[in-house]
Enquirer: 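Right, I'll just put the structure down here and ask away after.
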Amino acid sequence: QVQLVESGGGMVQPGGSLRLSCVASGRTFRAVTMGWFRQAPGKGLGFVAAISWSGGSTDYADSVKGRFTISRDNAKNTMYLQMNSLKPDDTAVYSCAQGRAATAGRARYEYDYWGQGTQVTVSS
C-alpha cells in the first residue's frame with residue numbers, strides 16, 4: 001500500500017501563489033508518473049498536471065499551463081505543485097495520485113493511489 005498526503009492548500013487572493021506538496025509513504029514510491037487532479041464545487045474530477053519519474057517529462061492542462069509548475073523530489077518521496085497567478089476558477093480540492101505505470105496520462109483510471117485532497121480557495 002502507498003499513502004499519499006497533500007498539504008499546502010488554503011485561501012489566497014486572485015493573483016496570489018500557493019505551493020502544494022504530496023508526500024508518499026508506505027511500501028514504495030514507485031518509479032511511475034505522478035499527477036495532480038482537482039475537483040471544483042459541482043464539477044467532476046479534472047486533470048491538472050503530471051510528471052514522469054525522472055521529472056524530465058511534464059504535462060499540463062491548458063487551463064493552468066504557464067501558471068502552474070509540477071516537480072518532484074524522489075529522495076524525499078515528495079511531489080510539488082507551484083501555483084502562481086491564481087484565479088477564482090482555480091478554486092477546488094486538489095488531490096495527488098500515483099500512476100499505475102511509468103507513462104500514466106491524463107485519465108483518472110491510469111492512477112491507482114490517491115490522497116485525500118487539500119482545499120484551495122481563490123477569492124478576494
Side-chain angles (χ1 to χ4, degrees):
Q1 282 283 26
V2 174
Q3 293 80 43
L4 302 176
V5 179
E6 304 92 339
S7 63
M11 180 175 289
V12 64
Q13 293 186 342
S17 298
L18 284 174
R19 189 195 196 200
L20 305 184
S21 297
C22 171
V23 178
S25 62
R27 188 177 63 185
T28 182
F29 193 48
R30 297 174 297 181
V32 296
T33 293
M34 297 285 294
W36 286 98
F37 290 75
R38 67 185 181 184
Q39 186 164 19
K43 296 186 178 180
L45 190 68
F47 171 79
V48 176
I51 186 168
S52 63
W53 166 254
S54 68
S57 178
T58 57
D59 184 28
Y60 297 92
D62 288 345
S63 59
V64 307
K65 197 172 295 184
R67 300 187 298 121
F68 290 10
T69 302
I70 189 171
S71 61
R72 65 191 293 171
D73 183 342
N74 293 333
K76 296 182 178 180
N77 289 348
T78 303
M79 177 178 65
Y80 306 96
L81 186 68
Q82 177 66 43
M83 306 186 295
N84 298 329
S85 303
L86 283 162
K87 306 174 181 179
D89 284 350
D90 295 318
T91 295
V93 175
Y94 285 71
S95 299
C96 63
Q98 186 173 92
R100 296 179 183 273
T103 57
R106 299 186 173 196
R108 181 175 182 175
Y109 72 85
E110 297 182 86
Y111 297 81
D112 54 0
Y113 290 104
W114 295 80
Q116 291 296 312
T118 184
Q119 176 70 48
V120 171
T121 302
V122 185
S123 175
S124 56

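Computed over heavy atoms, backbone and side chain alike; hydrogens, waters and symmetry mates excluded. In this text, all values refer to a predicted model and were calculated from it rather than measured experimentally.
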Enquirer: Determine whether a donor-acceptor pair (N or O, by modelled atom type, separation under 3.5 Å) exists between the side chain of Q82 and the backbone of T69.
Expert: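 Not at all, since once roles are kept as given, no pair shorter than 3.5 Å links the two residues.
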
Enquirer: Find the distance between CZ (R72) and OG (S52) and round it off to the nearest 0.5 Å.
Expert: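 So the CZ of R72 and the OG of S52 are separated by 7.0 Å.
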
Enquirer: Search all heavy atoms of G115 against all heavy atoms of S95 and return the closest pair with its distance.
Expert: O-OG, 4.1 Å

Enquirer: What closest approach, in Å, do T91 and V122 show between heavy atoms, and which atom pair accounts for it?
Expert: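 Result for this residue pair: OG1-N, 2.9 Å.
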
Enquirer: Any heavy-atom pair between the side chains of L4 and M34 that's under 4.5 Å?
Expert: yes

Enquirer: Can you tell me if Q119 has over 12 outside heavy atoms packed within less than 6.0 Å of its CD?
Expert: yes

Enquirer: Quick one: OG1 on T58 to NZ on K65, what's the gap to the nearest 0.5 Å?
Expert: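 It comes to 9.0 Å.
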
Enquirer: Taking all non-hydrogen atoms of both residues, which atom of F47 and which atom of A61 are closest, and how far apart?
Expert: O-CB, 3.4 Å

Enquirer: Please report the interatomic distance CG(L18) to CG(N84), rounded to the nearest 0.5 Å.
Expert: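 CG of N84 is found 9.5 Å from CG of L18.
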
Enquirer: Quick one: do K87 and D90 satisfy salt bridge (charged side-chain N to carboxylate O under 4.0 Å, His left out)? Show the steps, please.
Expert: CA-CA 5 Å; K87 306 174 181 179; D90 295 318; over 6 Å; no

Enquirer: Sub-3.5 Å donor-acceptor pair from the side chain of Q13 to the main-chain atoms of S124, do we have one?
Expert: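 No, the answer is negative, given that no donor and acceptor are paired below the 3.5 Å cut-off.
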
Enquirer: Within the distance-only criterion (no hydrogens, no angle test), does the side chain of R100 pair as donor or acceptor with the backbone N or O of Y109 below 3.5 angstrom?
Expert: yes

Enquirer: What is the minimum heavy-atom distance between A24 and V2, and which atoms define it?
Expert: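 In this case the closest contact between A24 and V2 is CB-CG1, 4.4 Å.
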
Enquirer: So, taking the atom named CG in L45 and the one named CD in Q39, what distance separates them when rounded to the nearest 0.5 Å?
Expert: 5.5 Å

Enquirer: Ring centres of W36 and F68 under 6.0 Å apart?
Expert: no

Enquirer: Apart from V5 itself, which Ile, Leu, Val, Met, Phe, Trp or Tyr residues share its cluster (side-chain heavy atoms under 4.5 Å, direct or through members)?
Expert: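 Traced through the cluster, V5 reaches no other member.
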
Enquirer: Between the main-chain N or O of I70 and the side-chain N or O of Y60, is there a donor-acceptor pair closer than 3.5 Å?
Expert: yes

